[in-house]
Amino acid sequence: MPTLAQSGDALAQARPTIKIGWTTSDGAQDPYAMAAHYFKEELAKRVGERIDVQLFANRALGDERPLLDGMRLGTVDMGVITNAVIAQVEPAYQINDMPFLFSDAAAAQRVLDGQVGQSLAQRLATKGVVNLGYCEGGFRQMINNTRPIVNPADLRGVKFRVLQSPIYVGMYTALGGTAVPMAWGETFTAVQQGAIDGLEIPLAVIDANKYYEVTKYLSMTNHIYSMIALLMSKRSHDRLAPDLRAAVQEAGTAATARQRTAAATNARALVGSLAQHGMTVNEVADPAAFRRAVMPMYESFRGAIGADIVRDALAAAG
């Protein structure tokens, strides 16, 4: 007959472990960290200690693409992953990076929580990855040292650093600006020395990297909604008992709702903080004018993303 200690050891060995990785900090206001921590808390509410959730920030389990590839292979359990990286595996996710698709966070959440989000999740599942929630990284904004961006014409002659992505290059080309693809590590010095005039990044990144020290104008263009996804390996997911799989899904939904609320609160506070640091903050005059300027891009990306996804996203976004 096994001793009490032996029984406890057997129980510990039988308890599943879920390791969650992400590449940013473990800060209280980091949107990736919030998603991971909220998932752990929500799952514990539902299953107690039946699952051991372990958190790994700051690339401890690898960069985002290796994390995603590991989930497909079943060597990584979970990750909080940037949309653009997911799109490298499932191109339909490019819809979330299309410029001026969403007028506000509510519109983005309406699309992602509806048929479009379900379709994206189903496509990703065929690649071996379960999408547990569309969390919020915050809208990307334009900062520069030339002038406030109020109308599309204000981008003319302004050199913006962009991600090395056809969507980002195409957006600035459509708006009449100058896109300068550049590695992130070179960007701060390039702005500081005047090699470029500005860049586009979420508010939290502006603050965390002190871009208020080298740029003057913060224009609230809300041009791209940064979706970050709470993802799980389908192999890890399917190894769980049915009731635990259901609890994981419920925890993902609850964690996503909490993360979105917290991210929105942080964003509002950051605008005031950046203004206090000396940045001149402005809204755009006519958001629809920006959207009209980039609409030809939607036709050019229709084949890569999927005509049905583009159609449904535009209709649902309003």
Grab the two heavy atoms, one from Gln29 and one from Met34, that are nearest each other, plus how far apart they are. O-CE, 3.9 Å

Atom CD of Glu41 with >12 non-hydrogen neighbours under 6.0 angstrom: yes

Main chain of Leu240, side chain of Arg245: is a donor-acceptor contact present, judged purely on distance under 3.5 Å? yes

Set out, in order, the CA-CA distance, both residues' side-chain angles and the distance that settles side-chain contact (heavy atoms from CB on, under 4.5 Å) for Leu175 and His223, then state yes or no. CA-CA 11 Å; Leu175 292 171; His223 53 276; over 6 Å; no

Side-chain donor/acceptor of Lys234 to backbone N/O of Ala125, under 3.5 Å: no

Do Met220 and Val271 have side chains that approach each other closer than 4.5 Å (heavy atoms only, starting at C-beta)? yes

Counting distance only, does the side-chain N/O of Ser300 pair as donor-acceptor with the main-chain N or O of Met297 below 3.5 Å? yes

Set of side-chain hydrogen bond (donor to acceptor under 3.5 Å, both in side chains) partners for Lys40, sequence neighbours left out: none

For Asn96, give me all partners under side-chain hydrogen bond (donor to acceptor under 3.5 Å, both in side chains), at least two apart in sequence or on another chain. Asn83

State whether the side chain of Asp104 and the backbone N or O of Ala106 hold a donor-acceptor pair below 3.5 Å, judged by distance alone. yes

Are side-chain heavy atoms of Ile86 and Leu120 found at a separation under 4.5 Å? no

Output yes when a side-chain donor or acceptor of Ser119 lies under 3.5 Å from a complementary backbone atom of Gln115, and no otherwise. no

How close do Ile228 and Gly137 get, heavy atom to heavy atom, and via which atoms? CG1-N, 4.1 Å

For Val76, give me all partners under side chain to side chain contact (heavy atoms under 4.5 Å, CB included), at least two apart in sequence or on another chain. Leu67, Met71

Intermediate values then yes/no, side-chain contact (heavy atoms from CB on, under 4.5 Å), Tyr211 and Leu218: CA-CA 10 Å; Tyr211 269 94; Leu218 165 58; over 6 Å; no

Quick one: does any side-chain atom of Arg235 pair with a main-chain N or O of Leu73 as donor and acceptor, under 3.5 Å? yes

Any side-chain heavy-atom pair of Asp26 and Leu55 under 4.5 Å: no

Using the rule that Ile, Leu, Val, Met, Phe, Trp and Tyr join whenever any side-chain heavy atoms are under 4.5 Å apart, tell me whether Val162 and Val191 fall into a single cluster. no

Residue set satisfying side chain to side chain contact (heavy atoms under 4.5 Å, CB included) with Arg50, at least two apart, ordered chain then number -> Val47, Asp243, Leu244

By side-chain hydrogen bond (donor to acceptor under 3.5 Å, both in side chains), which residues pair with Arg291, not counting sequence neighbours? none

Could you check if a side-chain atom of Phe39 sits within less than 4.5 angstrom of a side-chain atom of Met232, using non-hydrogen atoms only? no

Could you tell me whether the side chain of Thr173 and the main chain of Val169 form a donor-acceptor pair under 3.5 Å? yes

Verdict with reasoning, His277 to Lys210, per side-chain contact (heavy atoms from CB on, under 4.5 Å): CA-CA 9 Å; His277 280 296; Lys210 299 184 178 181; over 6 Å; no

Heavy-atom nearest pair, Ala179 first then Tyr172, reads CB-CB, 3.8 Å

When hydrophobic residues are tied together by side-chain contacts of less than 4.5 Å, even through go-betweens, does Leu199 share a cluster with Ile167? no

Donor-acceptor pair, distance only, cut-off 3.5 Å: does the side chain of Asn58 make one with the backbone of Ala60? no

Give me each pair satisfying salt bridge (charged side-chain N to carboxylate O under 4.0 Å, His left out) with a member in residues 82-98, each pair once, sequence neighbours excluded. Glu90-Lys127

Ile81 reachable from Val129 in the ILVMFWY side-chain graph, under 4.5 Å edges: yes

Test log, rule salt bridge (charged side-chain N to carboxylate O under 4.0 Å, His left out), inputs Arg46 and Glu42: CA-CA 7 Å; Arg46 290 160 175 79; Glu42 292 297 332; 2.9 Å; yes

Are the side chains of Tyr32 and Glu64 in contact, using a 4.5 Å heavy-atom criterion? yes

With Tyr217, which residues qualify under side chain to side chain contact (heavy atoms under 4.5 Å, CB included), at least two apart? Asn144, Pro148, Thr280

Looking only at non-hydrogen atoms, find the nearest pair between Arg147 and Asp154 and report the distance. NH1-O, 2.7 Å

Taking salt bridge (charged side-chain N to carboxylate O under 4.0 Å, His left out) as the cut-off, I'd like each qualifying pair that reaches into residues 170-181, sequence neighbours left out, listed once. none

Output for pair (Leu231 CG, His237 NE2), nearest 0.5 Å, gives 12.5 Å

Is Glu136 close to Pro31 at the side-chain level, that is, under 4.5 Å between some pair of heavy atoms? no

Show every salt bridge (charged side-chain N to carboxylate O under 4.0 Å, His left out) that has at least one partner inside residues 294-307, sequence neighbours left out. Glu299-Arg302

Does anything in residues 306-318 pair up under salt bridge (charged side-chain N to carboxylate O under 4.0 Å, His left out), and if so which pairs, sequence neighbours excluded? Arg123-Asp308

Tyr225-Ile149 co-clustered via ILVMFWY side chain contacts under 4.5 Å: yes

When clusters are formed by joining ILVMFWY residues with side-chain heavy atoms under 4.5 Å apart, either directly or through shared neighbours, do Leu132 and Tyr93 land in the same one? no

Has Arg65 got more than 12 heavy atoms of other residues, nucleotides or ligands less than 6.0 Å from its CZ? yes

Single hit among Asp77, Thr75, Thr17 for side-chain hydrogen bond (donor to acceptor under 3.5 Å, both in side chains) with Ser236: Asp77

Does the Gln141 side chain pair with the main chain of Asn222, one donor and one acceptor, at a distance under 3.5 Å? yes

Side chain to side chain contact (heavy atoms under 4.5 Å, CB included) involving Ala316 - partner list, sequence neighbours excluded: Val111

Between Met227 and Ile95, is there a side-chain heavy-atom distance shorter than 4.5 Å? no

Parallel, tilted or perpendicular for His37 and Trp22, by the 30°/60° rule? perpendicular

Can you name the side-chain hydrogen bond (donor to acceptor under 3.5 Å, both in side chains) partners of Ser219, sequence neighbours left out? Asn282

To the nearest 0.5 Å, what is the distance between CE on Met295 and CG on Leu101? 9.0 Å

Do the side chain of Asp197 and the main chain of Asn145 share a donor and acceptor less than 3.5 angstrom apart? no

Between Met171 and Phe160, is the side-chain contact (heavy atoms from CB on, under 4.5 Å) condition met? List the steps. CA-CA 11 Å; Met171 179 187 72; Phe160 282 92; over 6 Å; no

Looking at Tyr212 and Asp207, what are the two nearest heavy atoms and their distance? CE2-O, 3.8 Å

Taking all non-hydrogen atoms of both residues into account, name the closest pair between Ser25 and Ala33 and its distance. O-CB, 3.6 Å

Side chain to side chain, Ile309 and Gln94, heavy atoms closer than 4.5 Å: no

